[in-house]
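When reading the values below, keep in mind they use all heavy atoms of this one structure, side chains included, and skip hydrogens, waters and symmetry mates. Whatever order the structure lists them in is the order used to number ligands and atoms, beginning at 1.
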Amino acid sequence: MRIAVVAVGAALLAGCDSGTEERASIASTRAVQRAYLPAPPGTVPRGSAAQAAALAPPGPEVTPAFVARGEKRFRAFCSPCHGMSGRGDGTVVSRGFPPPPSYHEERIRELSPEHIVSVITHGKGRMFPYADRVLPEDRWAIAHYVKTLQAREVDPASSQEAPTP
Ligand code: HEC
């Protein structure tokens with residue numbers, strides 16, 4: 001009699017054990033299913049598909065209004081270091097921040113809008129990323145404004161290499 005009870009007990013315990021294993025896998029699945037938290041208005045969640053799509057080239061259509069919007073954002077976010085005309089002589093630089101290269105240098109003139117968008121998103125060297133302050137669409141607008149600035153003038157130092165119009 002006693003032996004039978006022990007055997008039944010062992011069978012129940014074994015049953016419990018496999019049950020515990022199953023519960024563990026269910027519990028870990030549940031942990032992944034977090035409640036849906038809506039993003040605050042006006043923000044784009046980092047790494048989301050929407051963000052990736054907004055950053056994919058060629059970006060929004062380039063119109064004069066779009067470039068004008070880029071100019072406003074450039075003046076607000078970039079000119080403190082890069083200067084209003086992109087010569088790397090912004091007010092922050094005059095207070096000791098390492099000067100960025102002039103946008104009118106040969107190497108920087110050749111950067112694509114895509115590359116400029118990527119520099120705004122990820123930063124580069126001593127420049128911090130601006131992903132949390134500049135919306136993806138505005139990064140394209142700024143990039144095209146920078147290209148407009150570059151088309152307007154050539155640094156005297158690199159003018160010899162630049163094609164004469
Ligand atoms: C706090 C100062 C600062 C601000 C603000 C700033 N930059 Fe920069 N930027 C730098 C510095 C410094 C470098 C040089 C980085 C290096 O090569 O170490 C640089 C480099 C760059 C380059 C050249 C990248 C390359 O591939 O060599 C681009 C393009 C650029 N910045 C665009 C922007 C734009 C657009 C904005 C505005 C959204 C901006 N920067 C705001 C300091 C700044």
Side-chain angles (χ1 to χ4, degrees), residues 25 27-165:
S25 73
S28 69
T29 313
R30 282 214 187 112
V32 176
Q33 293 169 337
R34 265 177 251 128
Y36 171 66
L37 293 173
T43 65
V44 180
R46 269 194 179 191
S48 75
Q51 168 118 359
L55 290 173
E61 195 195 338
V62 184
T63 60
F66 191 61
V67 175
R69 177 169 144 188
E71 177 171 8
K72 270 197 196 147
R73 305 293 187 282
F74 174 87
R75 285 172 185 249
F77 294 108
C78 321
S79 73
C81 293
H82 287 275
M84 286 296 188
S85 61
R87 295 186 174 280
D89 55 358
T91 50
V92 174
V93 173
S94 65
R95 294 198 194 117
F97 192 88
S102 167
Y103 285 163
H104 309 287
E105 268 175 26
E106 193 71 10
R107 187 180 69 82
I108 309 292
R109 287 179 71 82
E110 279 163 16
L111 299 180
S112 63
E114 262 168 84
H115 180 94
I116 298 171
V117 166
S118 164
V119 171
I120 301 172
T121 304
H122 305 291
K124 164 122 201 237
R126 287 158 298 164
M127 181 181 145
F128 315 111
Y130 283 80
D132 55 347
R133 270 157 286 183
V134 183
L135 290 173
E137 248 208 347
D138 289 340
R139 291 176 217 165
W140 283 108
I142 291 173
H144 287 292
Y145 176 67
V146 169
K147 295 314 290 177
T148 307
L149 262 184
Q150 291 173 328
R152 259 186 226 157
E153 57 177 308
V154 175
D155 249 4
S158 63
S159 61
Q160 281 165 334
E161 287 146 88
T164 34

[X] heavy atoms, cut-off 4.0 Å: which ligand 1 atoms fall inside?
| X | result |
| --- | --- |
| P98 | 12 (C) |
| P101 | 13 (C), 14 (C) |
| I108 | 23 (C), 27 (O) |

For the atom pair [atom1] ([X]) and [atom2] ([Y]), what is the distance rounded to the nearest 0.5 Å?
| X | Y | atom1 | atom2 | value |
| --- | --- | --- | --- | --- |
| L55 | E114 | CG | CD | 11.0 Å |
| T63 | R69 | OG1 | CZ | 9.0 Å |
| R73 | R133 | CZ | CZ | 15.0 Å |
| I142 | H82 | CD1 | NE2 | 10.5 Å |
| Y145 | F74 | OH | CZ | 6.5 Å |

In the protein, what heavy atom is nearest to atom 18 (O) of ligand 1, and what distance, to one decimal place, separates them?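 Ranking protein heavy atoms by distance from atom 18 (O) of ligand 1, first comes R126 N, 3.0 Å.
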among protein heavy atoms, the one nearest atom 5 (C) of ligand 1 is Y130 OH, 2.9 Å
Just go through V146, L111, I142 and tell me whose heavy atom is the nearest to atom 29 (C) of ligand 1. L111
I'd like to know if the side chain of [X] and the backbone of [Y] have a donor-acceptor N/O pair within less than 3.5 Å.
| X | Y | answer |
| --- | --- | --- |
| Q150 | I108 | yes |
| K72 | V67 | no |
| H115 | E110 | no |
| R139 | A131 | yes |

Around atom CZ of F128, are there more than 12 heavy atoms of other residues, nucleotides or ligands at under 6.0 Å?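 Atom CZ in F128 is not packed in, count stays at 12 or less.
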Does even one non-hydrogen atom of [X] get within less than 4.0 Å of ligand 1?
| X | result |
| --- | --- |
| I120 | yes |
| R107 | yes |
| R139 | no |
| Y103 | yes |
| V92 | no |

Residue pair V117 / A143: nearest heavy atoms and the distance that separates them: CG2-CB, 3.9 Å
Tell me the protein N, O or S atoms under 2.8 Å from atom 8 (Fe) of ligand 1, in chain and number order.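 Listed by chain and number, the atoms are H82 NE2, M127 SD.
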For P60, what residues pass the side chain to side chain contact (heavy atoms under 4.5 Å, CB included) criterion, not counting sequence neighbours?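 Residues passing side chain to side chain contact (heavy atoms under 4.5 Å, CB included) with P60: F66, E137, W140.
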Decide whether an N or O pair under 3.5 Å exists between H115 and ligand 1. yes
Ligand 1 versus F97, non-hydrogen atoms closer than 4.0 Å: side chain, backbone, both, neither?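 It is the side chain that touches ligand 1; the backbone stays farther off.
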